[in-house]
Structure formats: C-alpha cells, structure tokens
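All remarks here apply to the structure that follows.
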There are 2 protein chains.
Amino acid sequence: MTKKNDFDLKDFMPYLLNQAAEVMSRDFEVIYRSRYGMLRTEWRVVFHLGRYGAMTAKDICDRARIHKTKVSRAVRALETKRFLRREQQVNDRRHESLSLTPTGQRVFEDLLKEARTYDKEVMSQFSDGDAAQIRKVLIQIAQL
Amino acid sequence: MTKKNDFDLKDFMPYLLNQAAEVMSRDFEVIYRSRYGMLRTEWRVVFHLGRYGAMTAKDICDRARIHKTKVSRAVRALETKRFLRREQQVNDRRHESLSLTPTGQRVFEDLLKEARTYDKEVMSQFSDGDAAQIRKVLIQIAQL
DNA sequence: GGGTAGTAGTTGCTTTTGTAACTAACAAGG
DNA sequence: CCTTGTTAGTTACAAAAGCAACTACTACCC
C-alpha cells in the first residue's frame with residue numbers, strides 16, 4: 001500500500017461535516033417546507049428572530065454568516081407570508097428592525113418544538129458526554 | 001425566563017452542523033477552485049475516484065450521497081478538463097467505468113496533500129481524543 | 001455645508017442546483 | 001421474440017444562490 005492512501009475521505013473534516021450536515025438538514029427541511037412553505041434561509045431567519053429577538057438584517061448576516069442578498073430575499077418572503085414585519089429606525093433610516101409577527105411567533109414556536117424533538121431523537125444514539133462534546137467542538141469550528 | 005427560550009440555536013444539531021460545514025467547505029473550496037477551476041461536486045468526484053479507484057457514476061452517487069444529475073454534470077466537466085475518462089463496460093453498456101487520467105491523478109494527489117494539511121491545521125486545536133471522537137460521531141450521523 | 005467614504009439593503013444578471021421527464025440498455029416472464 | 005419493469009445516465013426547464021452594481025442614507029473631515 002502506498003503512502004498516499006492512508007488518508008481516508010472519511011477522515012477529512014470538511015467532507016465529513018458536509019455529509020453529516022446535509023443528511024440532517026434535508027431531514028428537517030421537510031418539516032418547515034411542507035408545513036409553512038419555507039426555504040432553508042427563511043427558517044434560519046425565523047429562528048434567529050425567535051430566539052434572539054428583534055434585530056436588523058445585517059445582524060442576522062453577521063451572526064448566522066449568511067450572505068446579505070440571501071437574507072434580503074428571505075426577509076421579503078417572510079414579510080409576504082406575514083411572519084415578520086420591518087420597522088425603519090428613526091435615528092438611522094438605513095437600519096430596519098426586523099421582528100416576528102404574532103403569526104411568525106407561533107410558527108417559530110411550532111418549529112422549535114419540532115427542532116427539539118428532532119434533536120433529541122438524533123442525539124439519543126450518543127451518550128450525554130459524547131453529545132456535549134460534539135456540540136462544543138462544532139461551536140468552536142463554526143466560529144473559526 | 002420562559003421555558004421556550006432554554007433551547008439555544010447553538011444546541012440544535014442541523015444548524016450547528018451546517019454552520020461548521022459551511023465554514024470549512026468555503027475555506028477549502030478556495031484551494032481547488034482557484035487552482036483547478038473545480039466545483040465542489042467535481043472535487044468530491046475526483047476524491048472518490050482517487051481514493052477508492054475506478055467506479056461508475058452510480059457508485060459515486062450511492063457512496064457520497066450526491067444526486068445523479070449533479071454527478072453527471074461533474075463527470076462531464078471533469079472529462080472536459082481531461083481529469084477523468086469513461087469507459088463503457090461490454091457486459092452491460094449502461095454502466096460506464098470512471099477513472100482518473102494521469103493528469104487527474106496528479107490533481108488528486110496535489111489536493112490530497114492540501115487536504116491533509118488543512119485537516120491537520122483545523123484539528124490541531126483539539127486533543128487527539130476529541131478529534132477522534134468527533135470523527136466517530138460525524139461518521140455515524142452521516143450514515144443515518 | 002459640500003465632498004468623500006462607508007454602510008444597509010435591494011436588484012439584475014449569471015451560475016449552480018433540483019425536479020421530472022426522457023433515452024438507452026438490460027432482465028425476466030410469457 | 002415481445003411486452004413489462006427496472007436501471008444508468010442525460011437533458012430541459014424551474015428554483016435558488018452567488019456576484020456585482022446600484023440606491024439611499026449617514027459620518028467624517030476639510
């Protein structure tokens with residue numbers, strides 16, 4: 001066996017992460033897509049607003065590392081669905097504060113419930129220690 | 001604090017995985033993109049062929065869980081770049097065996113070297129135990 | 001206060017992906 | 001052989017994402 005082959009694809013982190021992420025995302029996508037006709041970015045925006053409260057599109061871009069055009073389009077879609085509203089700030093009219101409408105709030109809570117269930121189910125195959133550890137490591141990588 | 005907020009976005013696996021995967025993939029993408037003008041799927045195909053030897057497009061689809069149209073297009077692109085060649089099998093002409101050309105082989109080896117370096121760099125921030133564990137868990141999730 | 005630079009967000013155009021319908025080849029039962 | 005069903009791979013069309021140029025606004029500095 002030559003030296004070059006002692007490196008398995010499955011040892012390569014970007015590959016492994018992508019694979020794992022893809023599997024899980026597609027699973028969960030079915031839920032918000034079928035239930036609310038939402039796209040992945042829209043779901044992320046709802047989650048950010050639901051979890052962390054009102055903020056600007058820029059804030060979402062920075063926190064979630066999503067490109068601004070993607071966020072812009074997601075916001076418009078969510079506005080059309082009446083899941084969120086925007087409010088221009090008086091002190092700086094470039095900023096618009098985004099927040100969930102009561103409907104959006106209900107959507108968020110419903111999906112949060114699903115997320116919890118899904119998360120529990122997936123992680124149940126690991127010990128509590130393993131689960132905590134992997135979360136820690138992933139958070140660290142995500143913040144690179 | 002209400003009950004609904006004791007669930008942090010950062011505890012939600014699909015979200016966390018996506019974030020981490022995105023960060024790493026984009027990093028590594030720069031390398032194969034700038035150096036060989038390859039797309040993500042093309043890179044994956046090259047890696048599969050380089051690591052596991054000749055196989056059909058279907059095999060790649062199954063092993064890497066990539067949709068057949070994506071693979072089909074990646075194969076054509078790689079063929080145009082002269083990184084791989086296809087060979088129809090005589091016993092069943094629906095199958096075509098894909099394999100790297102000498103050029104493709106060199107590309108694979110070059111990128112493999114980069115992958116190793118990159119992987120080592122990223123994982124250096126974790127202990128060997130942590131690193132091994134996270135790989136184990138990710139492999140398990142990816143195989144769901 | 002007018003020019004320059006920088007920021008938030010949007011839009012138009014291009015590239016990439018997803019979906020579903022298609023071709024071509026084989027397999028198996030009658 | 002010929003119909004029916006299945007599989008590998010492609011292609012046409014639609015949806016989504018990326019990129020770059022644009023508008024509208026603010027901030028700073030002379």
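We name chains A, B, ... by the order of the sequence lines, and we start the count at 1 in each one.
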N/O contacts under 3.5 Å, protein versus nucleotides 1-4 of chain C?
none

Just jot down the side-chain hydrogen bond (donor to acceptor under 3.5 Å, both in side chains) partners of Y36(B), sequence neighbours excluded, or say none.
-> D110(B)

Can you list every ring-ring contact (aromatic ring centres under 6.0 Å, His included) pair that touches residues 112-144 of chain B, not counting sequence neighbours?
-> F28(B)-Y118(B)

Contact residues, residues 29-42 of chain B to DNA chain C [heavy atom, < 4.0 Å] = R33(B), L39(B)

Quick one: ring-ring contact (aromatic ring centres under 6.0 Å, His included) pairs with a partner in residues 63-107 of chain B, sequence neighbours left out?
-> none

Using salt bridge (Lys or Arg N to Asp or Glu O under 4.0 Å) as the criterion, list what pairs up with D92(B), not counting sequence neighbours.
-> R94(B)

For K58(A), the salt bridge (Lys or Arg N to Asp or Glu O under 4.0 Å) test, sequence neighbours excluded, returns D62(A)

Find the distance E22(A):CD to dG18(C):C1' and express it as a whole number of Å.
-> 12 Å

On DNA chain C, nearest-nucleotide positions of N91(B) versus H67(B): which is more 5'?
-> H67(B)

Sort me out a list of protein N/O and nucleotides 5-8 of chain D N/O pairs below 3.5 Å, or just none if empty.
from   : atom 1 : to     : atom 2 : distance (Å)
dT7(D) : O2     : R94(B) : NH1    : 3.1
dA8(D) : O3'    : R94(B) : O      : 3.3

Does K136(B) have any salt bridge (Lys or Arg N to Asp or Glu O under 4.0 Å) partners at least two apart in sequence or in another chain, and if so, which?
-> D130(A)

Donor-acceptor contacts under 3.5 Å from residues 70-82 of chain B side chains, at least two apart:
from   : atom 1 : to     : atom 2 : distance (Å)
E79(B) : OE1    : R86(B) : NE     : 3.1
E79(B) : OE1    : R86(B) : NH2    : 2.9
E79(B) : OE2    : R86(B) : NE     : 3.2
T80(B) : OG1    : R76(B) : O      : 2.9
K81(B) : NZ     : E42(B) : OE1    : 2.6

Counterpart residues, salt bridge (Lys or Arg N to Asp or Glu O under 4.0 Å), relative to R135(A) (two or more places apart) | D119(A)

Residues within residues 73-80 of chain B bordering DNA chain D, heavy-atom distance below 4.0 Å = R73(B), R76(B)

D59(A) side chain vs T56(A) backbone, donor-acceptor pair below 3.5 Å = yes

Phosphate-side-chain proximity, T69(A) and dG18(D), N/O vs OP1/OP2 below 4.0 Å | no

